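Each ligand, and each atom within it, is numbered from 1 in the order the structure gives. Treat the numbers as computed from the prediction; the structure is a model and nothing was measured.
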Amino acid sequence: MSNIQQTLSIIKPDAVERNLIENIKSIFIKNNLTIKEDKKIHITKEEAAEFYKVHQSKPFYEDLCAYLSSGPIVVMILEGDNAVSNNRKLMGATDPKNAEANTIRKLYGLSIDKNSVHGSDSVENAKIEINFFFKN
Ligand code: UDP
Ligand code: MG
């Protein structure tokens, strides 16, 4: 039985800056995720704060919002079988040091904060995050 889902992916500023957009997209495509929508944008610190508000009590929140708004990012809707968990698996652990071989964060992440990609962590959050960037 297939279980088609959509999830939100973000290529973060460190990866856009290093021209890794096509490398990262090709990992999704090779692993049965279709890029339904994508756009390169540069968000404000206020928009980043809204997007990451679940983390507002964390010590890294201010730096995280400053970072996500520090340069262009690519936001994408990925679609495919179990897209939420498939994307999380392809991303690897939050800290690139702990990420499995051949995951995006192991291949490209620089540090726990400059870890190249974001991915929704549940179907429910995927809907909220997709709506945040792709309101019709
Ligand atoms: N982050 C950080 N320091 C930490 C933990 C997280 O800078 O100690 C950043 C990191 O960029 C991460 C984001 O905050 O991707 C969101 O954290 P979360 O725990 O949701 O990790 P993710 O879902 O991105 O793996
Ligand atoms: Mg998260």
Side-chain angles (χ1 to χ4, degrees):
M1 281 280 285
S2 71
N3 179 32
I4 301 300
Q5 299 171 340
Q6 290 191 340
T7 191
L8 184 87
S9 170
I10 304 177
I11 304 178
K12 293 183 178 182
D14 62 277
V16 172
E17 189 174 77
R18 287 176 291 143
N19 297 311
L20 294 169
I21 296 170
E22 293 310 317
N23 303 44
I24 292 171
K25 284 183 176 174
S26 80
I27 292 174
F28 295 139
I29 293 160
K30 276 186 215 143
N31 287 281
N32 303 312
L33 290 167
T34 302
I35 300 168
K36 299 290 283 186
E37 303 270 357
D38 81 299
K39 59 183 178 186
K40 190 193 261 187
I41 56 177
H42 190 159
I43 62 173
T44 64
K45 195 171 176 198
E46 290 68 32
E47 288 169 318
E50 176 65 19
F51 178 74
Y52 270 132
K53 68 180 178 209
V54 295
H55 292 300
Q56 61 193 353
S57 65
K58 310 269 174 65
F60 57 82
Y61 180 64
E62 280 294 319
D63 287 347
L64 177 60
C65 299
Y67 173 60
L68 198 70
S69 58
S70 68
I73 60 175
V74 176
V75 292
M76 290 169 284
I77 301 175
L78 304 180
E79 186 177 282
D81 198 28
N82 294 307
V84 172
S85 61
N86 186 12
N87 178 43
R88 293 291 306 194
K89 197 154 188 252
L90 295 171
M91 288 164 59
T94 306
D95 187 342
K97 286 204 295 282
N98 303 328
E100 276 184 56
N102 294 315
T103 58
I104 294 167
R105 284 167 164 172
K106 189 62 163 192
L107 290 169
Y108 303 126
L110 300 173
S111 57
I112 192 166
D113 48 329
K114 296 185 176 178
N115 60 4
S116 302
V117 280
H118 166 86
S120 310
D121 63 4
S122 66
V123 171
E124 191 192 352
N125 284 335
K127 289 186 179 139
I128 294 167
E129 293 180 358
I130 287 169
N131 192 51
F132 184 87
F133 285 111
F134 297 96
K135 296 182 195 93
N136 306 308

Point to revise | Taking atom 13 (C) of ligand 1 as the reference point, the nearest protein heavy atom with its distance | key: Leu64 CD1, 3.9 Å
Review point. Are Asp113 and Phe60 close enough that some pair of their side-chain heavy atoms sits under 4.5 Å apart?
Key: no
Point to revise | Neighbour count above 12 (heavy atom, 6.0 Å) for Lys114 NZ | key: no
Check your understanding: For atom 10 (C) of ligand 1, what is the nearest protein heavy atom, given as residue, atom name and distance?
Key -> Ile112 O, 3.2 Å
Review point. So do the side chains of Cys65 and His55 get within less than 4.5 Å of each other, counting heavy atoms only?
Key: no
Check your understanding: Any side-chain heavy atom of Leu107 within less than 4.5 Å of one from Ile104?
Key -> no
Check your understanding: Going by the atom numbers of ligand 1, which of them fall below 4.0 Å from some non-hydrogen atom of Arg105?
Key -> 15 (O), 22 (P), 24 (O), 25 (O)
Revision key, fill the gap. Within the 4.0 Å heavy-atom cut-off, what Lys58 brings close to ligand 1 is neither
Review point. For atom 23 (O) of ligand 1, which candidate among Met91, His55, Arg88 provides the closest heavy atom?
Key: Arg88
Exercise for review: Identify, for atom 4 (C) of ligand 1, the protein heavy atom at the shortest distance, and state residue, atom and that distance.
Suggested key: Phe60 CD2, 3.4 Å
**Study point:** Nearest-option assignment for atom 25 (O) of ligand 1, heavy atoms, candidates Val54, Asp95, Asp14, Thr94
**Key:** Thr94
Check your understanding: Is ligand 1 under 4.0 Å from a heavy atom in the side chain of Asn115, in the backbone, in both, or in neither?
Key -> side chain
Point to revise | Ion pair Asp14/Lys12, N-O distance below 4.0 Å | key: no
Review point. Do any nitrogen or oxygen atoms of His118 come within less than 3.5 Å of a nitrogen or oxygen of ligand 1?
Key: no
Check your understanding: Within 45 degrees of the axis of the six-membered ring of Phe132 and under 6.0 Å from its centre: does Lys135 put its NZ or CZ there?
Key -> yes
Check your understanding: Of all the heavy atoms in Lys12, does at least one lie under 4.0 Å from an atom in ligand 1?
Key -> yes
Check your understanding: Quick one: does NZ or CZ of Lys39 land under 6.0 Å from the six-membered ring centre of Phe134, within 45 degrees of the ring axis?
Key -> yes
Review point. How many angstroms lie between atom CG of Leu78 and atom CG of Asp38, to the nearest 0.5 angstrom?
Key: 9.5 Å
Study note, to complete from the structure: Going by the 4.0 angstrom heavy-atom rule, the piece of Asp113 near ligand 1 is both
Review point. N/O of Tyr52 under 3.5 Å from N/O of ligand 1, yes or no?
Key: no
